[in-house]
Student: 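One structure coming up, written as structure tokens, with questions to follow.
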Amino acid sequence: MQDAPETKDAENGPSAGEDRLWLGTKLQQTLDLIYEKYKDVDEGTLATYIPELGKANPNDFGICIATTEGEVFTVGDWEQEFTIQSVCKPFAFQMALERHGVEEVLKHVGVEPSGDAFNAIELDERSGRPFNPMVNAGAIAVASLIKQDPVVAGIDAFVEKMGKAAGRQLSIDNAVLASETATGNRNRAIAYLLLNAGIIDEAVLETLHQYFSQCSLLVNCKDLAMIGATMANIGTQPVTGERVFDFQIIKHVLAVMFSCGLYNYAGNWAFEVGLPAKSGVSGGICGVVNRQLGIGVYSPKVDAQGNSVRGTLVCRELASHFGLHAFDFSNVGSSFMQWLQ
Ligand code: DON
């Protein structure tokens, strides 16, 4: 067995400012190297079951890391916008929990990994609920809980909250929304299954419109990293200082991202990357390093599970390079001992 590496000498080591500068340079260099390493990976396919997503440029590749101190590091096509797709799901879940409380929300959706595809037409046999809020069935149940009357009010509330977390105003891609609405028969089937099971109310079309609209939010890598950093920063946007997410709720959302965020790859992800994260079929991944970082990656070619191929490679490499895995000996960002002082 190897000896654990030595910890830093607090007295003779560099000052906090020097340390931070060194870390920033190191982060940028590492991002540049990882970008170069994976930019020519050409595996995966564009998701075309939503026809508008098939128009993405398969070569696009961007990475961004945002710290809870508000520093931002970028490489590649980080400004390229894409629709958030399933990466909306944890944040909609956060909103549902904030609005209705844990007990009520858990009557409508579980927190158990399904081990099945994101679009499986199934409910948990034991509980009668969708398995979790990261698969479509659970996300549609959540959309039902955060929709409002008129339906545009619920969509606006979601867009506004996500914009506050990103630190800029966001908007919906109406072409993708129309494309998904036109072809979303599988999600319609799931929604009627949920109505039949008493999980959602009669306003099925409004619920679907809320869900499709959430998925059609336009973001870039930096937005995903900032939203992740806001979660990492216990709900306060690192740059604007605005309190966006209820910090009491974040632990529940990160736990579900950790166990279910990558669908039927979630176990492998927890093992290899070890971070709460969420992927979407448009090729985005948002990762959270508790109390430290948000990670945003975009590359639109996805694997059989609907996860970005390059995005998965990048997150795996970042986690192993910087020891970000939640259970890595070097990840010491979230210490409950500080509360006891
Ligand atoms: O419901 C759908 O099929 C899409 N709007 C979102 C699916 C998605 O992003 C799955 N993630 N990999």
Side-chain angles (χ1 to χ4, degrees), residues 44-56 81-93 109 113-122 130-144 147 155 158-159 162 172-194 200 204-205 207-219 224 227 256-257 260-266 268-269 273 276-287 296-312 315:
T45 49
L46 294 179
T48 50
Y49 75 95
I50 299 171
E52 198 65 19
L53 297 186
K55 295 183 182 167
E81 290 194 323
F82 54 94
T83 54
I84 192 166
Q85 295 303 327
S86 287
V87 183
C88 71
K89 292 169 178 173
F91 311 108
F93 182 48
V109 62
S114 69
D116 290 321
F118 67 87
N119 57 1
I121 303 182
E122 65 180 1
F131 277 91
N132 64 69
M134 305 294 124
V135 290
N136 288 8
I140 292 170
V142 165
S144 170
K147 72 176 181 313
I155 296 164
F158 178 79
V159 174
M162 294 299 276
I172 282 174
D173 184 327
N174 287 314
V176 173
L177 175 57
S179 184
E180 179 156 8
T181 305
T183 56
N185 290 328
R186 197 174 173 97
N187 283 327
R188 275 187 275 278
I190 291 172
Y192 282 101
L193 174 69
L194 294 174
I200 65 171
V204 179
L205 296 182
T207 289
L208 283 163
H209 190 54
Q210 171 81 29
Y211 173 68
F212 291 150
S213 302
Q214 289 167 197
C215 291
S216 303
L217 186 74
L218 276 171
V219 289
L224 291 188
I227 293 166
V256 176
M257 287 170 81
C260 312
L262 277 280
Y263 310 116
N264 35 345
Y265 191 69
N268 277 292
W269 182 272
V273 183
K278 187 72 205 80
S279 62
V281 277
S282 52
I285 298 182
C286 175
V297 191
Y298 173 59
S299 177
K301 283 186 153 189
V302 296
D303 61 21
Q305 283 92 14
N307 303 320
S308 170
V309 174
R310 287 179 187 153
T312 301
C315 291

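Start at 1 and go down the list; that is how both ligands and their atoms are numbered.
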Student: Spell out, as yes or no, whether a donor-acceptor pair under 3.5 Å connects the side chain of K301 to the backbone of T45.
Tutor: no
Student: Angle between ring planes, Y298 versus F82, binned at 30° and 60°: parallel, tilted or perpendicular?
Tutor: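 Parallel, since the angle between the ring planes stays under 30°.
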Student: Write down the atom of F91, the atom of C286, and the distance for their closest heavy-atom approach.
Tutor: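 That closest heavy-atom pairing would be CZ-SG, 4.2 Å.
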Student: Of the listed options (S86, S279, G283), which comes nearest to atom 8 (C) of ligand 1 when hydrogens are ignored and any heavy atom counts?
Tutor: S86
Student: List ligand 1 atoms under 4.0 Å from Y49, heavy atoms only on the residue side.
Tutor: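 So the atoms of ligand 1 that pass are 2 (C), 3 (O), 4 (C), 6 (C), 7 (C).
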Student: Considering only protein heavy atoms, which is closest to atom 1 (O) of ligand 1, and at what distance to one decimal place?
Tutor: Y211 OH, 2.6 Å
Student: Is the contact between C215 and ligand 1 made by the side chain, the backbone, both, or neither, using heavy atoms and a 4.0 Å cut-off?
Tutor: side chain
Student: Could you see which bit of N136 sits under 4.0 Å from ligand 1, with heavy atoms only: side chain, backbone, both or neither?
Tutor: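 It is the side chain that touches ligand 1; the backbone stays farther off.
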Student: Determine whether a donor-acceptor pair (N or O, by modelled atom type, separation under 3.5 Å) exists between the side chain of S86 and the backbone of G280.
Tutor: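 Answer holds: no.
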Student: Check whether any N or O atom of F118, backbone or side chain, sits under 3.5 Å from an N or O atom of ligand 1, and answer yes or no.
Tutor: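 Between F118 and ligand 1, no N or O pair is found under 3.5 Å apart.
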Student: Applying the side chain to side chain contact (heavy atoms under 4.5 Å, CB included) criterion to L53, which one of T48, V302, V281, L46 satisfies it?
Tutor: V281
Student: What protein heavy atom lies closest to atom 11 (N) of ligand 1? Include the residue and the distance to one decimal.
Tutor: Y263 OH, 3.0 Å
Student: If the cut-off is 4.0 Å to any non-hydrogen atom of G280, which atoms of ligand 1 fall inside it?
Tutor: 9 (O), 11 (N), 12 (N)
Student: Is a donor on one side and an acceptor on the other found under 3.5 Å between the side chain of T83 and the backbone of Q85?
Tutor: no
Student: After noting the C-alpha distance and the side-chain angles of N119 and N136, does the key distance pass the side-chain hydrogen bond (donor to acceptor under 3.5 Å, both in side chains) rule?
Tutor: CA-CA 5 Å; N119 57 1; N136 288 8; over 6 Å; no
Student: Tell me: protein heavy atom nearest atom 12 (N) of ligand 1, and distance?
Tutor: G306 O, 2.9 Å
Student: Quick one: which ligand 1 atoms are inside 4.0 Å of a heavy atom on N187?
Tutor: 1 (O), 2 (C), 3 (O)
Student: Should you measure from each heavy atom of E180, which atoms of ligand 1 turn up under 4.0 Å away?
Tutor: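 Close to E180: 1 (O), 2 (C), 4 (C), 5 (N).
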Student: Tell me: protein heavy atom nearest atom 4 (C) of ligand 1, and distance?
Tutor: Q85 OE1, 3.2 Å
Student: Are the side chain of R310 and the backbone N or O of G283 linked by a donor-acceptor pair below 3.5 Å?
Tutor: no
